[in-house]
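Letters go in sequence order (proteins before strands), and every chain restarts at 1. Worth knowing before you read on, the calculation uses all heavy atoms, side chains too, and leaves out hydrogens, waters and symmetry mates.
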Amino acid sequence: MNTTTIAQVKNHLEETVTIGAWLHNKRSSGKIAFLQLRDGTGFIQGVVAKAAVPEEIFNLTKNLTQETSLYVTGKVVEDTRSPLGFELQVSNVEVIQEAEDYPITPKEHGTEFLMDHRHLWLRSKKQHAIMKVRNEIIRSTYEFFNEQGFVKVDPPILTGASAEGTTELFHTKYFDEDAYLSQSGQLYMEAAAMALGRVFSFGPTFRAEKSKTRRHLIEFWMIEPEMAFMNHEQSLELQEQYVSHVVQSVLKNCKIELDTLERDTSKLEKIEAPFPRITYDDAIQFLKDQGFDDIDWGDDFGAPHETAIAEAYDKPVFITHFPVEIKAFYMKPDPDNPKVALCADLIAPEGYGEIIGGSERIDDFELMKQRYNEHELDGQAYEWYLQLRKYGSVPHSGFGLGLERTVAWISGIEHIRETIPFPRLLNRLYP
RNA sequence: UCCAGCGUAGCUCAGUGGUAGAGCAAUCGGCUGUUAACCGAUUGGUCGCAGGUUCGAAUCCUGCCGCUGGAGCCA
């Protein structure tokens, strides 16, 4: 048996092949049936002509139900009407398991129903495309950082204390001790950078915030690079190269998926380094000029503010030099103006919000100790972090990219819950 | 947590005080190039739950539950 996958049929033109597949949808008439087949690698149409197959095969085909699993044998032929460019002239169909009453029909469904059936919803064309884009972002992330000489390091998920002391953490027990699920691997990545130079992590992160918006998940994945001997400006350059690489990789390797998602790729094609930059001071002034009277120097931006700033550009935009009070304790103050930090948020275009937060880190022992006191951090839990400033401290910078927001932006989808296979949301722990 | 909206067939919805409806799905039949195929027929109901008003409630009122959208917090 000449078995293959839908992604590989292009290598079997005019050959007869067998594909393991599920019946995605079906259209039939008296003497011809069209089987919409999917096998995970892609979608292809199988054409069953009554004249070309034994009668029992044609009758079987007519009664196939949605999501029935099959072995389909047929000849691969070119067809310009197919998005794939090929279709299958079916000669035999073997049912593996007949699916009855598949809940997700070809018509429209509500969000609650689809989320309750997320384990099946993933099979749909749009969700399949999003997962492929997500995978390409992950693949090109590894590619980029490997090419740049980074080492992947895995920080712990169970931690004894908060990394930033701000957000709500998930609490659990670690035998007789209290423990928390990681909200950032950053502090550990700083330690790793002092050992390996340039490092990046990719892992889950947990925030017990009661956030209920299209941009928030309770459990999400972050990419956190950390670079020794790199200042804030050099970090921004790396960030814009990284994001550009990811966008261009998706454009190159996910053409069918972006087409399925009806993404306006002309907007993505513009995403090339360098990215525009605006200081926090100028951003506040810009917003006031735009008529926002609900924000003053020292406030953090809300979603409408971020969107207004992003809409002024057709690339992601860095907002730099935030007031130190509204940023994390470890960010290095600007030597020219200690009221602001050497930091930047990267705001995605089209209203998708912040996708990166980064900064140069404090490398001075005394200043870091002072920050501990100001933020009332538990000295014991952070003792090891302080030691990094004691034994050969060097200038270093890092940032964190939110994977799901990046997937949402590049895919052009409305809600972040569709960017992760099984989203954890405020009121959803199943499936 | 706050603000707003919505809960009617398996799904998506209409019905706003007087006999419970449509499209899709499912089942049966028809159709040789369909693209959420189309055409005909059949099946399908604790109107979220509890209480109240009324001769009469899916419809009006109160409470609860669930969901959706937005805000705050953040990536």
J.: To the nearest Å, give me how far apart CG (A:Asp345) and P (B:C73) are.
T.: 13 Å

J.: Identify which nucleotide among B:U68, B:C73, B:C74 has an atom closest to any side-chain atom of A:Thr111, counting heavy atoms from C-beta outward.
T.: B:U68

J.: Using atom C1' of each nucleotide, how far apart are B:U43 and B:C64 to the nearest Å?
T.: 35 Å

J.: When the distance from CZ of A:Phe399 to P of B:C74 is rounded to whole Å, what number comes out?
T.: 21 Å

J.: Could you work out the separation of B:C73 and B:A36 based on their P atoms and round it to a whole Å?
T.: 43 Å

J.: Measure across A:Val247 and A:Leu268 and return the closest heavy-atom pair with its distance rounded to 0.1 Å.
T.: CG1-O, 3.5 Å

J.: Can you figure out which of B:U34, B:G72, B:A36 approaches the side chain of A:Gln36 most closely?
T.: B:U34

J.: Rounded to whole Å, how long is the line connecting atom CD1 of A:Ile420 with atom P of B:A75?
T.: 17 Å

J.: Do we count A:Phe34 as stacking onto B:G33 if the rule is ring centres under 5.5 Å and planes under 30°?
T.: no

J.: Just checking A:Thr205: base, sugar-phosphate only, or nothing, at a heavy-atom cut-off of under 4.0 Å?
T.: nothing

J.: The side chain of A:Thr213 is closest to which nucleotide in this list: B:U12, B:G33, B:G72?
T.: B:G72

J.: Is it the case that the base of B:C74 and the side chain of A:Arg405 share a donor-acceptor contact (distance under 3.5 Å, atom types as modelled)?
T.: yes

J.: Between B:U19 and B:U59, how far is it from one C1' atom to the other, in whole Å?
T.: 16 Å

J.: Salt-bridged, A:Arg38 to A:Glu67, with N to O below 4.0 Å?
T.: yes

J.: Provide the distance between the two P atoms, one in B:C6 and one in B:G15, to the nearest whole Å.
T.: 12 Å

J.: Using a 4.0 Å heavy-atom cut-off, does A:His415 contact any base of the nucleic acid, only the sugar-phosphate backbone, or nothing at all?
T.: sugar-phosphate

J.: Taking N and O atoms by type only, does the side chain of A:Lys212 place a donor or acceptor under 3.5 Å from a partner on the base of B:G69?
T.: yes

J.: Decide, yes or no, whether a salt bridge links A:Lys327 with A:Asp300 under the criterion of side-chain N to carboxylate O below 4.0 Å.
T.: no

J.: Given that both distances must come in under 3.5 Å, which nucleotide forms a Watson-Crick or G-U wobble pair with B:G72?
T.: none

J.: Using purine N1 to pyrimidine N3 plus N6-O4 or O6-N4 for Watson-Crick, or N1-O2 and O6-N3 for G-U wobble, each under 3.5 Å, what pairs with B:A41?
T.: B:U27

J.: From the set B:G33, B:C73, B:G69, return the single nucleotide nearest to any side-chain atom of A:Ser211.
T.: B:C73

J.: Considering only side-chain heavy atoms of A:His216, which listed nucleotide, B:A75, B:C67, B:U1, is closest?
T.: B:A75

J.: With a 4.0 Å heavy-atom cut-off, tell me which residues in residues 291-312 of chain A come close to RNA chain B, sorted by residue number.
T.: A:Asp300, A:Gly302, A:Ala303

J.: Can you label the angle between the A:Phe43 ring and the A:His128 ring as parallel, tilted or perpendicular, going by 30° and 60°?
T.: perpendicular

J.: Would you kindly give the NZ-to-P distance between A:Lys50 and B:C31, to the nearest whole Å?
T.: 8 Å

J.: Could you work out the separation of B:C47 and B:A57 based on their P atoms and round it to a whole Å?
T.: 12 Å

J.: Which whole number of Å gives the distance between the C1' atom of B:A20 and that of B:U46?
T.: 13 Å

J.: Counting Watson-Crick and G-U wobble pairs only, both distances under 3.5 Å, name the nucleotide matched with B:C6, or none.
T.: B:G66

J.: Does a side chain donor of either A:Asp281 or A:Thr279 reach within less than 3.5 Å of an acceptor in the other side chain?
T.: no

J.: For A:Gln186 and A:Glu190, what are the C-alpha separation, side-chain angles and deciding distance, and is it a side chain to side chain donor-acceptor pair (under 3.5 Å)?
T.: CA-CA 6 Å; A:Gln186 195 216 294; A:Glu190 287 188 52; 2.5 Å; yes

J.: Side chain of A:Asp79: nearest nucleotide among B:G33, B:U32, B:U27?
T.: B:G33

J.: Angle class for the A:His321/A:His232 ring planes (parallel below 30°, perpendicular above 60°, tilted otherwise)?
T.: perpendicular

J.: B:U43: syn or anti, with syn meaning chi within 90° of zero?
T.: anti

J.: Can you figure out which of B:G69, B:U1, B:C74 approaches the side chain of A:Leu426 most closely?
T.: B:U1

J.: Rounded to whole Å, please give me the gap between CG in A:Leu425 and P in B:G66.
T.: 16 Å

J.: Distance check, P atoms only: B:C74 and B:G17, in whole angstrom units.
T.: 48 Å

J.: Is the distance from OP1 or OP2 of B:G69 to the nearest side-chain N or O of A:Arg417 less than 4.0 Å?
T.: yes

J.: Check every atom of B:A36, B:C73, B:A26 against the side chain of A:Pro106 and return the nucleotide holding the closest atom.
T.: B:A36

J.: Which is more 5' along RNA chain B, the nucleotide nearest A:Ile356 or the one nearest A:Glu414? Just name the residue.
T.: A:Glu414

J.: Once you apply the 3.5 Å cut-off to both distances, tell me the Watson-Crick or G-U wobble partner of B:G33, or none.
T.: none

J.: For B:G69 versus B:U32, give the span between their P atoms, rounded off to a whole number of Å.
T.: 45 Å

J.: For B:A58, which nucleotide is its Watson-Crick or G-U wobble mate, given both distances must be under 3.5 Å?
T.: none

J.: With heavy atoms under 4.0 Å as the rule, sort A:Gln45 into base, sugar-phosphate or nothing.
T.: base

J.: Using a strict threshold of under 4.0 Å (side-chain N to carboxylate O), is an ion pair present between A:Glu306 and A:Arg405?
T.: no

J.: Check the angle between the aromatic planes of A:His117 and A:Phe113 and answer parallel, tilted or perpendicular using the 30° and 60° thresholds.
T.: tilted

J.: Among B:U68, B:U12, B:C11, which is the nearest nucleotide to the side chain of A:Glu108?
T.: B:U12

J.: Parallel, tilted or perpendicular, judged at 30° and 60°: which one describes the rings of A:Phe399 and A:Tyr242?
T.: tilted

J.: Using atom CD1 of A:Ile410 as one end and atom C1' of B:A75 as the other, report the distance to the nearest whole Å.
T.: 15 Å

J.: Would you call A:Glu325 and A:Lys339 a salt bridge, taking side-chain N to carboxylate O under 4.0 Å as the test?
T.: no

J.: Atom NZ of A:Lys210 and atom C1' of B:U1: how far apart are they, to the nearest Å?
T.: 8 Å

J.: Write down the distance between CG (A:Asp101) and P (B:U43), rounded to a whole number of angstrom.
T.: 18 Å

J.: 5'-most contact on RNA chain B: A:Gly353 or A:Glu112, nearest heavy atom basis?
T.: A:Glu112

J.: Report the nucleotide, chosen from B:U34, B:A36, B:U12, that has the shortest atom-to-atom distance to any side-chain atom of A:Phe113.
T.: B:U12

